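Here the structure is laid out as structure tokens; the discussion comes afterwards.
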Number of protein chains: 2
Amino acid sequence: MTSRQFSNKQDMERQLPPTAWAVLGLLSFPGERTGYELKKWADASLRFFYWSPAISQIYAELRRLEALGYATSRRSGPEEPRTKRRYAISEAGRAALTAWADSPEAAGPAVLKHPLVLRIWLGHLAAPARLRALVEEHLARTEAELGQVRAALARAEDNAEWAHPRIALRWSELRELAELELARAMLADLDRLTPPQGGDPADHDGWPGPG
Amino acid sequence: MTSRQFSNKQDMERQLPPTAWAVLGLLSFPGERTGYELKKWADASLRFFYWSPAISQIYAELRRLEALGYATSRRSGPEEPRTKRRYAISEAGRAALTAWADSPEAAGPAVLKHPLVLRIWLGHLAAPARLRALVEEHLARTEAELGQVRAALARAEDNAEWAHPRIALRWSELRELAELELARAMLADLDRLTPPQGGDPADHDGWPGPG
DNA sequence: GTGTACATGTAATCCGTTACATGATTCC
DNA sequence: GGAATCATGTAACGGATTACATGTACAC
């Protein structure tokens, strides 16, 4: 059982990856949850400021957390394989999570991997119209994400228990807004470099060529 | 040689990870470079909008690129182990990179992992003064990064060859500025939640307690 | 002659994903 | 009874890091 990837308890305790704390954090809010529910919640909210692990990893983290005594699980009904398993944080888990959350160590630097900007950075190899189209797609996606953040914010109940998650979501909302601004400014920079030919900016590839 | 992690050429060509394109992209600008130089360059500029791979990974990517025929290398002087090796992009490499950069596929969604916001999200477990201190540290780090972006921008020569990297850096500059705004807004949200006690906001931990 | 930056590389290990397998529950 | 969604899990693999090993060049 417990898959051989975690050799022993001492090794695990040394320092858990942020993902483990994030999953334990999900569990720290009231209620018992299944891995599946945790994944949906991460998709709907955690991912806007941190990241949403693959479902298989959530299950792996839950097993690790349980092996460490930081979480407990129980099956609803018969103890059979592949039946629903609900997890809850344990006292030890809450203590460990609190120690982590309240530790004086600075939060690490944010990691940003922005494939769009990577493509723009190599823009000398692409057609200007292509670059503009990529930015437009990014604008559309960002607007959709903004809608999702606002939906999450609307769902977050207005009581003290959820005050901090609301601040994180509010930060995410402002971030999506800033992302839109950034993309628009980049579009303007691109236009300044190679002014778009007359006509609908999306319906042609006309362009002098790279050589 | 070429370490067993890359089994054969077909496997590799299927689709290179973005990191490989980023390294090849570094090579696409004029000049021959060593892995070490690439790492410094990535630290000084790529990392602000994408990410800076570990030096050992840069060497691994360079070996893969060479195995694919996308890059060539030569040793300056004697062909001995651990002497300087300079890489250059090949014609095939430039063609492959161009095909990637100019492809109609949308750039993937940006990945953001923001440990600070993760800690704030779990703020119900920490002392308010702790959270404020975390945000202050983030502000200081962000200001330092802004300076580094501006330094990179100042170094980027003002000629057509570097126009797109300049746009990427300009985007990064605006992003750092937005990051400062976001952090300040979060600080205001935190203050609204638990108004800071009188006195210098940095010199006490006084706080009613979690229970 | 010592420390620092330059420079390359290997080994071990972990993080995380995709693909796959399996089965329960719900709704039409 | 069939489809969609809920739900859990394994296997294989690749991406990426850290720690370590090794050596050169140069400034003080």
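Everything numeric in this text was worked out from a predicted model, so none of it was measured.
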Whole angstrom value for the distance that separates P of dT18(D) from CD of Gln15(A): 11 Å

Arg64(B) CZ to dT10(C) P, straight-line distance once rounded to whole Å: 15 Å

Spacing between Lys113(B) atom NZ and dT17(D) atom P, to the nearest angstrom: 11 Å

Distance test, side-chain N/O of Arg75(B) to OP1/OP2 of dA7(C), below 4.0 Å: no

Atom-to-atom span, OH of Tyr50(B) to P of dG15(D) - whole angstrom: 12 Å

Step-by-step side-chain hydrogen bond (donor to acceptor under 3.5 Å, both in side chains) determination, Thr142(A) to Glu176(A): CA-CA 6 Å; Thr142(A) 305; Glu176(A) 299 286 353; 4.8 Å; no

Selected nucleotide, minimal atom distance to Tyr87(A) side chain, candidates dG15(D), dG9(D), dA7(D): dG9(D)

Between C1' of dA16(D) and CD1 of Ile58(B), the distance in whole Å: 12 Å

Glu61(B) bridged to Arg64(B) by N-O distance under 4.0 Å: yes

Ring centre gap for Trp41(B) and Tyr36(B) strictly below 6.0 Å: no

Minimum heavy-atom distance Leu97(A)-Gly25(A), with the two atoms named: CD2-CA, 3.8 Å

Short side-chain N/O contact from Thr19(A) to OP1 or OP2 of dG16(C), under 4.0 Å: yes

Phosphate OP1/OP2 of dT10(D): any Arg63(A) side-chain N/O under 4.0 Å: yes

Distance flag, aromatic centroids of Phe29(B) and Trp121(A), threshold under 6.0 Å: yes

Candidates dT8(C), dT10(D), dA16(D) - which lies nearest the side chain of Glu61(B): dA16(D)

Interatomic distance where OH belongs to Tyr59(A) and C1' belongs to dG16(C) [whole Å]: 16 Å

Ionic contact status for Lys40(A) with Glu37(A), cut-off 4.0 Å: no

Below 3.5 Å is the cut-off: list the nitrogen or oxygen pairs between protein and nucleotides 3-5 of chain C, distance only.
none

Review item, nucleotides 17-20 of chain C N/O atoms under 3.5 Å of protein N/O:
unit_1: dT17(C); atom_1: OP1; unit_2: Trp51(A); atom_2: NE1; d: 3.1
unit_1: dT17(C); atom_1: OP2; unit_2: Ala54(A); atom_2: N; d: 2.7
unit_1: dT17(C); atom_1: OP2; unit_2: Gln57(A); atom_2: OE1; d: 3.2
unit_1: dT18(C); atom_1: O4; unit_2: Ser56(A); atom_2: OG; d: 3.1

Ring centroid separation His114(A) to Trp171(B) under 6.0 Å: yes

Side chain of Lys84(B) - closest among dG15(D), dC15(C), dA7(C): dA7(C)

Lys/Arg N to Asp/Glu carboxylate O, Glu145(A) vs Arg47(A), below 4.0 Å: yes

Glu179(B)/Arg175(B) salt bridge by N-O under 4.0 Å criterion: yes

Arg86(B) and Thr34(B) side chains, donor-acceptor separation under 3.5 Å: no

Overall bend - the helix from dG1(C)-dC28(D) to dC28(C)-dG1(D), comparing terminal axes fitted on five pairs, nearest 10 degrees: 30°

Check ion pair Glu181(B)-Arg184(B) (N to O, under 4.0 angstrom): yes

Protein-nucleotide distance (Asp43(A), atom CG; dA7(D), atom P), rounded to Å: 14 Å

NZ/NE/NH1/NH2 to OD/OE distance under 4.0 Å, Arg166(A) and Asp189(B): no

Protein-nucleotide distance (Leu38(A), atom CG; dG9(D), atom P), rounded to Å: 13 Å

